[in-house]
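What follows is a short report on a single structure.
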Amino acid sequence: MALIVQKYGGTSVGSIERIKAVAERVLRSRAKGNQLVVVVSAMAGETNRLFQLAEQLSEAPNARETDVLVSTGEQVSAALLAIRLQALGYSTVSLLGHQLKIRTDSCHGAAKIKAVESERIRDALAAGNIVVVAGYQGVDGEDDITTLGRGASDLTAVALAAVMKASACEIYTDVDGVYTADPRICPRARRLDRISYDEMLEMAGLGAKVLQLRSVELARRFHVPLVVLSSFADESGGTWVGQEDKSMENVLVSGVTLDQNQSKITLTGVEDRPGLAARIFGPIADTGIVVDMIIQNASADGRTDMTFTVPRTDLRRALEIVRGVVAEIGAAGVRHEDQVAKVSIIGVGMRTHAGVAATMFKVLAAEGVNIEMIATSEIKVSVVVNAKYGELAMRALHDAFLGLGANAAETE
Ligand code: ADP
Ligand code: ASP
Ligand code: MG
């Protein structure tokens, strides 16, 4: 008997009708002789609704209580799916993070998984049950409920697949796979049959929310066979995420991403001497804020401007810290842009092809899009542009590198 872990996202369990459809899909897999562990997200919109309830009661809701609150979304959908499967005559048991147990650290809201105890699942499967697991949640050393970060039901599924050595981890969502770009923004985006863990990792980190970043990291580390499928269409199609192979290098660019949740901070008139970057970025790092791109420009008077990006949700905190440091280091001032767009091209083929970045800049220039910052790695090039040009830049880059006749870009 093969063991399959399936995960259904928020829209896939977004209504009673959708939960009935999920139950049918689970049973089709069961009819093929598979053992099933089914991870569910909260019904679409529910987690946001719960966060908003807390925000109506406090400006800074307590993190422990917030986790007690927001983890209930998954509790509801797990119970509903189990009730449906039982009504159809199948022994089913639902399990929450603390029942399983998914052991985490105590970093509420972004807890890291330390261990997954699989005994309870194994016993339940051995007794002939379908096991439905509430995603997104765990339990810390004090037996307090934790959550694993937004979108982290994917992570629950991959962690269980890794621990149970499942034959596959099937991520069911509202698109039928990973596309060359977000199909909602780029109408000409195409579904990829396969993508490497490394490319998927970059895409997830750069704004393609189809898979949560840490779930891809874990899948890569434990070689979990991961496939993204639609819960709305038939079983065909899908995208396999797996090890890179030689044939993948022939494709120069596999995907284009857009991240519109970034902000930009500039410190002006910073003295040009050793230690200042550490004075600026040390305290920011200490609070757990992830600084992404950094550029430093020397100006004529021997001073420098330092510009960097942070996630928009962290802008307020980052500004507070930076304003404190400005006074300390005698910099001239601080500017910020609330929303900037980061557009990236990703592909393992870049390792072996030169000139990709230059082509990217040409394409953006032809559209009249000004590039404010640039960052490159082995398999990606990212640029920061004015927020209002983000979608335009994404579509232009997609069509140049991945549209019909895009080989023009590849032969340059
Ligand atoms: P779920 O609720 O099932 O976890 P998500 O909303 O987290 O689903 O992820 C699916 C969404 O990811 C799609 O609706 C799509 O708009 C978006 N998306 C962004 N980039 C991509 C991409 N490259 N390929 C497919 N979907 C993408
Ligand atoms: N319900 C959680 C969220 O909205 C987790 C998930 O959907 O994966 O972030
Ligand atoms: Mg998701």
Side-chain angles (χ1 to χ4, degrees), residues 6-14 18 22 39-52 66-67 69-78 97 102 109-111 133-138 146-159 169-193 195 199-216 226-233 237-239 241 253-261 313 343-347 390-391 394-395 397-398 402:
Q6 297 189 335
K7 178 259 168 177
Y8 292 91
T11 15
S12 302
V13 294
R18 293 298 314 151
V22 165
V39 176
V40 286
S41 289
M43 296 167 86
E46 180 63 7
T47 310
N48 286 345
R49 188 185 75 86
L50 294 167
F51 272 111
Q52 279 155 17
T66 301
D67 275 355
L69 173 71
V70 298
S71 60
T72 59
E74 273 70 13
Q75 179 168 345
V76 169
S77 40
I102 296 186
V133 174
Y136 177 53
Q137 55 188 259
T146 54
T147 60
L148 311 173
R150 297 308 305 266
S153 295
D154 295 344
L155 181 63
T156 307
V158 172
C169 181
E170 301 174 346
I171 306 287
Y172 286 92
T173 182
D174 54 7
V175 280
D176 66 347
V178 179
Y179 277 64
T180 48
D182 187 339
R184 293 182 207 290
I185 300 175
C186 243
R188 284 192 281 275
R190 288 178 285 113
R191 184 177 57 77
L192 297 162
D193 287 331
I195 185 167
E199 287 168 319
M200 193 62 237
L201 210 52
E202 289 283 9
M203 281 182 71
L206 293 166
K209 69 166 184 165
V210 60
L211 283 176
Q212 191 247 14
L213 178 62
R214 278 159 61 204
S215 73
V216 185
L226 193 59
V227 57
V228 178
L229 294 153
S230 167
S231 71
F232 291 78
T239 301
V241 188
V253 173
S254 299
V256 182
T257 58
L258 171 64
D259 181 349
Q260 290 176 299
N261 293 314
T313 43
V343 188
S344 312
I345 55 173
I346 295 126
E391 293 194 2
M394 186 194 210
R395 281 192 284 266
L397 290 170
H398 183 271
L402 290 152

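Ligands are counted one by one from 1 in listed order, and the atoms in each one are counted from 1 as well. Keep in mind that the numbers below use all heavy atoms, side chains included, and drop hydrogens, waters and symmetry copies.
- Here the closest non-hydrogen pair linking Ala111 and Thr146 is CB-CB, 3.7 Å.
- Evaluation of the side chain to side chain donor-acceptor pair (under 3.5 Å) test over residues 203-215, restricted to residues two or more places apart or in two chains, returns none.
- In this structure, of Thr173, Asp174, Asp154, Leu258, the residue bringing a heavy atom nearest to atom 8 (O) of ligand 1 is Thr173.
- Of all protein heavy atoms, the one lying nearest to atom 27 (C) of ligand 1 is Val210 CB, 3.7 Å.
- Residue nearest to atom 25 (C) of ligand 1, selected from Ala189, Ala208, Gly177: Gly177 (by heavy-atom distance).
- A distance-only check finds a donor-acceptor pair linking the side chain of Thr239 to the backbone of Leu192 [under 3.5 Å].
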With side chain to side chain contact (heavy atoms under 4.5 Å, CB included) as the test, would you mind laying out the steps for Ser231 and Arg18 before giving the verdict?
CA-CA 9 Å; Ser231 71; Arg18 293 298 314 151; 3.0 Å; yes
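- The ligand atoms of ligand 1 that sit less than 4.0 angstrom from a heavy atom of Val178 are 24 (N).
- For Arg184 and Tyr179, the positive end is not near the middle of the six-membered ring at less than 6.0 Å and at most 45° from its axis.
- Comparing heavy-atom distances from atom 5 (P) of ligand 1 across Lys7, Arg184, Met203, Lys209 singles out Lys209 as nearest.
- Within the structure, the closest approach of Ser12 to ligand 1 does not fall below 4.0 Å when heavy atoms are considered.
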Checking side chain to side chain contact (heavy atoms under 4.5 Å, CB included) for the pair Gln137/Ile102: CA distance, chi angles, key distance, verdict?
CA-CA 8 Å; Gln137 55 188 259; Ile102 296 186; over 6 Å; no
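- Here the shortest heavy-atom pairing between Met394 and Cys186 reads O-SG, 4.2 Å.
- The salt bridge (Lys or Arg N to Asp or Glu O under 4.0 Å) search around Arg49 returns Glu46, not counting sequence neighbours.
- Checked by distance only, ligand 1 and Asp182 come closer than 3.5 Å through their nitrogen or oxygen atoms.
- On a distance-only criterion, Gly10 and ligand 1 share at least one N/O pair closer than 3.5 Å.
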Might you work through the side chain to side chain contact (heavy atoms under 4.5 Å, CB included) test for Ile346 and Thr257, ending with a clear yes or no?
CA-CA 8 Å; Ile346 295 126; Thr257 58; 3.8 Å; yes
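- Heavy atoms of Pro183 found under 4.0 angstrom from ligand 1 belong exclusively to the side chain.
- Given atom 24 (N) of ligand 1, the protein heavy atom at minimum distance is Tyr179 N, 2.8 Å.
- Within 4.0 Å of ligand 2, contacts by protein heavy atoms are made from Ser41, Ala42, Thr47, Glu74, Tyr136, Arg150, Gly151, Ala152, Ser153.
- Summarising the geometry, atom OG1 belonging to Thr180 is positioned 12.0 Å from atom CG belonging to Leu397; distances are rounded to the nearest 0.5 Å.
- In terms of the side chain to side chain contact (heavy atoms under 4.5 Å, CB included) criterion, residue partners of Asp193 (sequence neighbours excluded) are, by chain and number, Arg191.
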